[in-house]
Amino acid sequence: FTPEQSFKSQDEMARLFADVPQALDNSIEIARRCNLEIPLGRTRLPAFPTPPGVTLEQHLRNEARTGLARRAAELGLQGEAAERYRSRLEFESQTIVQMGFAGYFLIVADFINWAKRNGVPVGPGRGSGAGSLVAYSLRITDVCPLKYDLLFERFLNPERVSMPDIDVDFC
């Protein structure tokens, strides 16, 4: 940063680069070659890396199942209760995959869990995202939706196709 935070005029730039006029010519050539079109109304997410031979959707399912197994052990779930959790997880995973949001959940889980591992305080989760067992299994939230009878459909519903809103609170 400098005290002068503004764009210089063409004349000011010509004076500033009088000793290397080709620099101005090059900047014009670079500007001519730049062409970026960003379509509006379309969600664009970075590609999330997955293990070789594993699709994004399968990776989400694998991570969610592994996470649920850890959470089930923490909660002491067995028998019918454990089956209720597994069934809900499969329903949610299918809905997330069907709506094309597998990468979104993996990305959010990645940065939240990185923060937790690196001593950054992260809130327990709030809003409608706390209604997702997949989010709970991936440790995006620490609120168990089945314990509090929270509805996944308030968070993500195939009839209302929009990007899910996961509220994240960092210290």
Side-chain angles (χ1 to χ4, degrees), residues 1 5 34-171:
F1 291 109
Q5 294 292 315
C34 292
N35 182 21
L36 174 65
E37 292 182 22
I38 301 175
L40 301 177
R42 184 172 156 235
T43 303
R44 300 182 60 86
L45 296 173
F48 189 85
T50 60
V54 177
T55 67
L56 192 63
E57 295 76 15
Q58 190 57 51
H59 189 56
L60 172 72
R61 286 186 170 104
N62 294 344
E63 291 294 305
R65 288 177 186 141
T66 300
L68 180 60
R70 278 193 296 268
R71 292 288 198 176
E74 292 168 7
L75 297 171
L77 297 177
Q78 297 177 6
E80 192 176 307
E83 182 51 40
R84 199 176 76 152
Y85 277 69
R86 277 191 295 276
S87 175
R88 166 91 173 243
L89 187 81
E90 293 307 316
F91 165 74
E92 287 188 21
S93 296
Q94 179 59 38
T95 302
I96 291 165
V97 165
Q98 171 190 333
M99 294 183 74
F101 296 132
Y104 176 68
F105 276 78
L106 291 166
I107 290 166
V108 173
D110 187 50
F111 71 74
I112 287 176
N113 287 302
W114 181 93
K116 289 177 179 179
R117 286 190 309 273
N118 287 278
V120 178
V122 179
R126 60 181 174 84
S128 62
S132 171
L133 186 62
V134 169
Y136 178 67
S137 298
L138 296 175
R139 296 196 182 271
I140 291 171
T141 70
D142 289 319
V143 178
C144 177
L146 276 76
K147 181 178 178 182
Y148 298 103
D149 295 322
L150 300 176
L151 299 175
F152 174 70
E153 292 79 5
R154 289 202 60 209
F155 169 60
L156 191 59
N157 187 328
E159 294 175 17
R160 189 185 72 226
V161 180
S162 61
M163 177 67 84
D165 180 21
I166 298 176
D167 297 305
V168 180
D169 297 306
F170 289 99
C171 189

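R61 meets the salt bridge (charged side-chain N to carboxylate O under 4.0 Å, His left out) test with no other residue; sequence neighbours excluded. Residues passing the side chain to side chain contact (heavy atoms under 4.5 Å, CB included) test with V143 are A130, Y148, L150, sequence neighbours excluded. Under the salt bridge (charged side-chain N to carboxylate O under 4.0 Å, His left out) criterion, E159 pairs with no residue at all, not counting sequence neighbours. Residues satisfying the side chain to side chain contact (heavy atoms under 4.5 Å, CB included) test with R44, not counting sequence neighbours, are R42. The salt bridge (charged side-chain N to carboxylate O under 4.0 Å, His left out) search around E153 returns none, not counting sequence neighbours. Residues passing the side chain to side chain contact (heavy atoms under 4.5 Å, CB included) test with P158 are T95, Q98, M99, sequence neighbours excluded. Under the rule for a salt bridge (charged side-chain N to carboxylate O under 4.0 Å, His left out), the partners of D169 that lie at least two apart in sequence or sit in another chain are R126.
The stretch residues 101-120 participates, sequence neighbours left out, in these salt bridge (charged side-chain N to carboxylate O under 4.0 Å, His left out) pairs: K116-D142. Residue pairs meeting the salt bridge (charged side-chain N to carboxylate O under 4.0 Å, His left out) criterion with at least one partner in residues 91-102, sequence neighbours excluded, are R88-E92.
Taking each heavy atom of P164 and Y104 in turn, the nearest pair found is O-OH, 2.9 Å. Minimum interatomic distance between T141 and G129 (heavy atoms only, all atoms of both residues): CG2-O, 4.1 Å. Nearest approach of F155 to D165, heavy atoms of both residues: CE1-O, 3.6 Å.
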Please table the atom pairs, donor to acceptor, closer than 3.5 Å between any side-chain atom in residues 77-85 and protein atoms at least two apart or in another chain.
unit_1 : atom_1 : unit_2 : atom_2 : d
E83    : OE1    : R86    : NE     : 3.3
E83    : OE1    : R86    : NH2    : 3.3

Would you list the atom pairs, donor with acceptor, under 3.5 Å between side chains in residues 45-57 and any protein atom, with sequence neighbours excluded?
unit_1 : atom_1 : unit_2 : atom_2 : d
T50    : OG1    : V54    : O      : 2.8
T55    : OG1    : Q58    : N      : 3.0

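By the 4.5 Å heavy-atom criterion applied to side chains, C144 and L75 are counted as neighbours. Annotation: side chain of L138 is in contact with side chain of L60 (closest heavy-atom distance under 4.5 Å). Counting heavy atoms from C-beta on, the side chains of L89 and R65 come closer than 4.5 Å. Taking the side chain as every heavy atom from C-beta outward, Y136 and L68 never approach each other to under 4.5 Å. Counting heavy atoms from C-beta outward, F152 and V134 have side chains that stay 4.5 Å or more apart.
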Could you give me the CA-CA distance, side-chain angles and deciding distance for E74 and K147, then say whether salt bridge (Lys or Arg N to Asp or Glu O under 4.0 Å) is met? CA-CA 13 Å; E74 292 168 7; K147 181 178 178 182; over 6 Å; no
